[in-house]
Amino acid sequence: KEAGLTERAIDVYEKAGWSHDAARIAMEAGLTEKAGKLYIKAIADYEKTGRFDLAAGVAKEAGLTEKVELYETLENLLK
């Protein structure tokens, strides 16, 4: 039952456009493949809006070191 509620919460957050929050919930539930896809979506969403600082934070949380460096560089160039 709890697993169903977790997946429902992930679905609701994802549909609301809160990919980062959905990724965190998925990761906490051990759904690493789902979490990975949601982290990538969250990074793309932040990139589209020019929020490279947030994209870097999500990339760091997801363990995507090369993306962290990229977004930190972009953020510093825009300062």
Side-chain angles (χ1 to χ4, degrees):
K1 183 177 178 178
E2 188 175 315
L5 291 176
T6 299
E7 288 180 12
R8 175 139 169 73
I10 292 167
D11 210 36
V12 168
Y13 276 66
E14 189 177 3
K15 285 181 179 152
W18 301 337
S19 300
H20 189 193
D21 293 317
R24 286 181 178 151
I25 294 168
M27 188 60 83
E28 287 173 16
L31 303 170
T32 53
E33 186 177 331
K34 179 73 171 172
K37 290 177 183 176
L38 289 165
Y39 278 128
I40 297 298
K41 171 86 170 83
I43 291 167
D45 291 345
Y46 287 136
E47 183 181 322
K48 286 178 199 166
T49 60
R51 295 300 311 266
F52 300 117
D53 55 332
L54 295 176
V58 175
K60 189 176 286 185
E61 196 175 311
L64 301 171
T65 310
E66 70 287 345
K67 293 255 188 208
V68 174
E69 294 171 7
L70 169 68
Y71 292 121
E72 286 177 348
T73 300
L74 286 170
E75 180 65 20
N76 288 329
L77 288 172
L78 296 174
K79 284 185 181 177

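Excluded from the calculations below are hydrogen atoms, water molecules and symmetry mates; all remaining heavy atoms, backbone and side chain alike, are included. In this text the structure is predicted, and so the values were computed from the model without any measurement.
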Enquirer: Quick one: list whatever passes salt bridge (Lys or Arg N to Asp or Glu O under 4.0 Å) with Glu47, sequence neighbours left out.
Expert: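 Partners of Glu47 under the salt bridge (Lys or Arg N to Asp or Glu O under 4.0 Å) test: none.
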Enquirer: Taking all atoms of both residues into account, what is the closest heavy-atom pair of Ala26 and Lys34, and its distance?
Expert: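 Closest pair (atom of Ala26, atom of Lys34, distance): CB-CG, 4.2 Å.
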Enquirer: Run the numbers on Leu54 and Thr49 for side-chain contact (heavy atoms from CB on, under 4.5 Å), then give the verdict.
Expert: CA-CA 10 Å; Leu54 295 176; Thr49 60; over 6 Å; no
Enquirer: Identify the heavy atoms of Asp45 and Ser19 that sit nearest to each other, and give their distance.
Expert: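 So the two residues come closest at OD2-OG, 3.6 Å.
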Enquirer: Are there over 12 heavy-atom neighbours, none belonging to Phe52, within less than 6.0 Å of that residue's CZ?
Expert: yes
Enquirer: Can you tell me how far apart CG (Asn76) and NZ (Lys79) are? Round to the nearest 0.5 Å.
Expert: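 Nearest 0.5 Å value for the CG-NZ distance: 5.0 Å.
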Enquirer: The test is side-chain contact (heavy atoms from CB on, under 4.5 Å); show your working for Glu61 and Met27 and say whether it passes.
Expert: CA-CA 10 Å; Glu61 196 175 311; Met27 188 60 83; over 6 Å; no
Enquirer: Should Tyr71 and Leu74 count as side-chain neighbours, where that means a heavy-atom distance under 4.5 Å?
Expert: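 Result yes, sub-4.5 Å side-chain heavy-atom pair found.
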Enquirer: Minimum heavy-atom separation for Val58 and Ala42, please, with both atom names.
Expert: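 Where Val58 meets Ala42 most closely, the heavy atoms are CG1-CB, 4.1 Å.
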Enquirer: Give me the atom names and distance for the closest heavy-atom approach of Glu75 to Asp53.
Expert: OE1-N, 3.3 Å
Enquirer: Given side chains that start at C-beta, do those of His20 and Tyr46 come closer than 4.5 Å, heavy atoms only?
Expert: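 They are in side-chain contact.
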Enquirer: Give a yes or no on whether Ile43 and Leu77 share a hydrophobic cluster (residues Ile, Leu, Val, Met, Phe, Trp, Tyr; joining criterion: side-chain heavy atoms under 4.5 Å apart).
Expert: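 Cluster IDs for Ile43 and Leu77 differ.
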Enquirer: Any carboxylate oxygen within less than 4.0 angstrom of a Lys/Arg side-chain nitrogen, looking at Glu33 and Lys37?
Expert: yes
Enquirer: Looking at OG1 of Thr65 and NZ of Lys67, how far apart are the two atoms once the value is rounded to the nearest 0.5 Å?
Expert: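 Output value for this atom pair is 12.0 Å.
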Enquirer: Taking side-chain hydrogen bond (donor to acceptor under 3.5 Å, both in side chains) as the test, write out the residues that go with Asp21, two or more places apart.
Expert: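 With neighbours one apart ignored, the set is empty.
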Enquirer: Give the minimum heavy-atom separation between Ala23 and Leu38, together with the two atoms involved.
Expert: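 Smallest heavy-atom distance, with atoms named: CB-CB, 3.6 Å.
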Enquirer: Looking at side-chain heavy atoms only, is the closest gap between Leu64 and Ile40 below 4.5 Å?
Expert: yes
Enquirer: Locate the shortest heavy-atom distance separating Ala29 from Thr6; write the atom from each residue and the value.
Expert: CB-CG2, 3.5 Å
